[in-house]
Amino acid sequence: MRRALLSVSDKTGIVEFAQDLIAHHFEIVSTGGTQTALNAAGIAVTPIEDVTHFPEMLDGRVKTLNPRVFGGILARREDPDHLQTLADHDITPIDLVCVNLYPFAETISDPEVTLAAAVEQIDIGGPSLIRAAAKNYRDVLVVCDVADYDQVVLALDGHSDDMRFRKHLAAKVFHHTAHYDAVIANYLTDEAKPDTLTLTYQRKQALRYGENPQQTATFYADCQPAPFSIAAAKQLHGKPLSFNNIKDADAALGLIREFSTQPTVVALKHMNPCGIGSDTILERAWDKCYAADSMSIFGGIIVLNRPVNFATATKMHQLFLEIIIAPAFDDDAYDLLAKKKNLRLMTVDFTTAQAPEADEIISIRGGLLRQERDDVRDDPANFQTVSHAQPTSEQLDAIAFGLKAIKFVKSNAILVNTSDQTLGVGPGQMNRIDAVKIAVGKAEVKPNFDQAVLVSDAFFPMDDCVKYAAEHGIKVIAEPGGSIRDKDSIAMADSLGVALVFTGNRHFRH
């Protein structure tokens, strides 16, 4: 008779699994709560104390850490010396180990949990047992996932528990324990920049392809994704997200997070905003967003920071859009939008939108870059007007609006906007004057161009940007300042009667 050791925190399916193992002539050895659950189901169990000849001790902290357990797991069956050692010490081999670990991640998800309570959920014996079994996978089947019970039983039924199958289960153990340890390490780490950066993610979904059809791709999510994230979003309708959808939706969420005081609608394409509108009425916010760039919004990602009502849905329904994300959808709005079978409708928890965000991590060849997110909120009180001409309070508000958006425009970036609407976006140019030309060119055909300001994500290296903007009707310009040629831009602004404001903060987005 073979021996199986069962010790699980999650009791889901364990009774049925134990019954299947008994049907395959396994003796069941078990611990504590697992033993109680199996006994309650009428399953005969050998208590772990009968194997170790020691009682569970230290409030259950020590129960399986014993040579009579680990010798039975780690002994190589093809090695006569190992088998002789087992015989000499009256140790019975253990042929299957089924363990899942204390719920540490679930425990620390409670914001009220104490450090002491969290530490008690750090499993010691469990990881040791499954690591030992995984190391000796040639002789020991190891099961760490409830979802694997059925396939283990099927393998036993068909005698297909071969080396490939066993190795697969063993690899899964080391992924599982690495993930488990990473969560603990990150929870206990106080340093902002530890010497070792340990990251762990879980596969959320396979994607049809990456940025292009010839590229394979997979979506991995944090083990506990922030509620305000695309990883935690709920998809209510439409086809699965693509790689590019996910990147764009993530950027759009970051952008809408900047706007909370008024109903706001953001349209985003290829990681750049093509329209932003704010108003006291959501429908009017949509109108402003759409009017900002009615061509580029086609096929875009839309995020609204208020529940979608029928009036707004009616206008969005007239366009081809990829995704609409909002806190909620009114029933009639959802019914209308859901008539488009491929349109993705998603909800996100906006109540947590203003919570501090984790650092940004970017993959490069051979490593990672990690940085704080650009969460600075530019305050007009800190702006410095360096020209003779002075901006009005409304123009200062427009600058603040533009600075919220410019953080999410690829550099070199220029934005032309009013206090509640973008008019022209000049993204991702290799020189700043080209970005100015694009943004102004898009904006100067709009009805309210005379109310607009021009915002730059970084300083002007020359005075040509000021000159071009002023010659095309811009009256107020905002940039961080800090160029060795600032005086040239100031002089140009004064000669053309333009108000030039230094904001003090650069907002590059590569």
So how far is it from [X] [atom1] to [Y] [atom2], rounded to the nearest 0.5 Å?
X: N305; Y: T264; atom1: CG; atom2: OG1; answer: 4.5 Å
X: D464; Y: R432; atom1: CG; atom2: CZ; answer: 11.0 Å
X: Y201; Y: L199; atom1: OH; atom2: CG; answer: 4.5 Å

Show, in sequence, the C-alpha distance, side-chain angles and deciding distance for R485 and D488, and conclude whether the salt bridge (Lys or Arg N to Asp or Glu O under 4.0 Å) test is met.
CA-CA 5 Å; R485 302 187 66 172; D488 295 342; 3.0 Å; yes
[X] and [Y]: side chain donor to acceptor below 3.5 Å:
X: N505; Y: T503; result: no
X: H270; Y: D248; result: no
X: N309; Y: T312; result: yes
X: Q451; Y: N448; result: no
X: S411; Y: D457; result: yes

Does a side-chain heavy-atom distance below 4.5 Å link [X] with [Y]?
X: V8; Y: V99; answer: no
X: E322; Y: L241; answer: no
X: I302; Y: I323; answer: no
X: F329; Y: L345; answer: yes
X: R370; Y: K193; answer: no
X: V173; Y: L169; answer: no
X: R373; Y: D359; answer: no
X: S9; Y: L101; answer: no

On a heavy-atom basis, which atom in [X] and which in [Y] lie closest, and how many Å separate them?
X: P227; Y: T352; value: CB-OG1, 3.5 Å
X: V416; Y: F449; value: CG1-CE1, 4.1 Å
X: I414; Y: I406; value: C-CD1, 3.9 Å
X: P391; Y: A499; value: N-CB, 3.9 Å
X: A292; Y: G275; value: CB-CA, 3.7 Å
X: I230; Y: L253; value: N-CD1, 3.5 Å

ring-ring contact (aromatic ring centres under 6.0 Å, His included) involving [X] - partner list, sequence neighbours excluded:
X: F17; value: Y149
X: F228; value: F350
X: F298; value: F320
X: F165; value: none

Main-chain N/O of [Y] paired with [X] side-chain donor or acceptor, under 3.5 Å:
X: N186; Y: T198; answer: yes
X: S456; Y: A458; answer: yes
X: D250; Y: I246; answer: no
X: Y290; Y: A267; answer: no
X: Q429; Y: N431; answer: no
X: S294; Y: A291; answer: no
X: H472; Y: Y468; answer: yes
X: S387; Y: A389; answer: yes
X: Y180; Y: Y102; answer: yes
X: R377; Y: K404; answer: no

Set out, in order, the CA-CA distance, both residues' side-chain angles and the distance that settles salt bridge (Lys or Arg N to Asp or Glu O under 4.0 Å) for K288 and D279, then state yes or no.
CA-CA 8 Å; K288 292 174 181 177; D279 199 286; 2.7 Å; yes
Take atom [atom1] in [X]; do more than 12 heavy atoms of anything else shown fall under 6.0 Å from it?
X: D150; atom1: CG; result: no
X: L369; atom1: CG; result: yes
X: M271; atom1: CE; result: yes
X: H175; atom1: NE2; result: no
X: R166; atom1: CZ; result: yes

Can you check salt bridge (Lys or Arg N to Asp or Glu O under 4.0 Å) on K407 and D375, steps first, answer last?
CA-CA 9 Å; K407 291 191 285 186; D375 272 344; 5.5 Å; no
So K172 and D145, salt bridge (Lys or Arg N to Asp or Glu O under 4.0 Å) or not? Walk me through it.
CA-CA 9 Å; K172 190 166 186 176; D145 187 348; 3.0 Å; yes
[X]: partners by side chain to side chain donor-acceptor pair (under 3.5 Å), with sequence neighbours left out:
X: T177; value: none
X: T385; value: none
X: N100; value: none

According to side-chain hydrogen bond (donor to acceptor under 3.5 Å, both in side chains), does anything in residues 217-243 pair up with another residue at least two apart or in another chain? List the pairs.
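As it turns out, the side-chain hydrogen bond (donor to acceptor under 3.5 Å, both in side chains) pairs with a partner in residues 217-243, which skip direct neighbours, are S242-N245.
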Would you list the pairs meeting salt bridge (charged side-chain N to carboxylate O under 4.0 Å, His left out) in which at least one residue belongs to residues 292-306, sequence neighbours left out?
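Salt bridge (charged side-chain N to carboxylate O under 4.0 Å, His left out) check on residues 292-306 returns D293-K442.
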Provide the full list of salt bridge (charged side-chain N to carboxylate O under 4.0 Å, His left out) pairs with a residue in residues 195-213, sequence neighbours left out, each pair given once.
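For residues 195-213: none.
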Look at the rings of F508 and H510 and say which category their plane angle falls in: under 30° parallel, 30 to 60° tilted, over 60° perpendicular.
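Aromatic pair F508/H510 classed perpendicular.
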Once side chain to side chain contact (heavy atoms under 4.5 Å, CB included) is applied, do any residues pair with K475, and if so which ones, sequence neighbours excluded?
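With neighbours one apart ignored, the set is empty.
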I'd like to know whether F502 forms a ring pair (Phe, Tyr, Trp, His ring centres under 6.0 Å) with F459, so could you lay out the CA-CA distance, the side-chain angles of the two residues, the decisive distance to 0.1 Å, and finally the verdict.
CA-CA 9 Å; F502 284 179; F459 62 63; 9.6 Å; no
Can you give me every donor-acceptor pair (side chain of residues 393-402, partner residue at least two apart or in another chain, under 3.5 Å) with its distance?
from: Q395; atom 1: OE1; to: T392; atom 2: N; distance (Å): 2.8
from: Q395; atom 1: OE1; to: T392; atom 2: OG1; distance (Å): 3.4

